[in-house]
Amino acid sequence: MDPSALNSPELLQFINQEKERAMLNEMVAKLTNVCWDKCVTGSPGSKFSSSEQACLSNCARRYMDLSVIIMKRFQNMQ
């Protein structure tokens, strides 16, 4: 591979997109684990109960809100 190709804008953009995709996948996995453990207390059936649905929705919303706050603080530090 041509060493100058390692610094090409296209490659750097691709790498950044892949990093963002990996971060998003990691966030979804953590969100799923945390909210599942908190909200699904019994053995899961074919549907979530209304309280499980509400808990999962609230948990996901809080997790996403907190993630946005953390990201903004990191951006302000740079």
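- Donor-acceptor pairing under 3.5 Å is recorded for the side chains of R61 and N58.
- Distance check, rounded to the nearest 0.5 Å: OG of S67 to CE of M23 gives 9.5 Å.
- SG atoms of C39 and C59 are separated by 2.5 angstrom or more, inconsistent with a disulfide link.
- The structure places CD of Q53 at 8.5 Å from NZ of K47, a figure rounded to the nearest 0.5 Å.
- Rounded to the nearest 0.5 Å, atoms CZ (F14) and NZ (K19) are 12.0 Å apart.
- Closest heavy-atom contact between L31 and A60: CD1-CA, 3.5 Å.
- The CD1 atom of I70 lies 12.5 Å from the NZ atom of K72; values are rounded to the nearest 0.5 Å.
- The two residues L56 and W36 have their closest heavy-atom pair at CD2-N, 4.2 Å.
- To the nearest 0.5 Å, atoms CG (N16) and CD (E18) are separated by 10.5 Å.
- With rounding to the nearest 0.5 Å, the separation of NZ in K38 from CZ in R62 is 4.5 Å.
- Considering only heavy atoms from C-beta on, E20 stays 4.5 Å or farther from L24 through its side chain.
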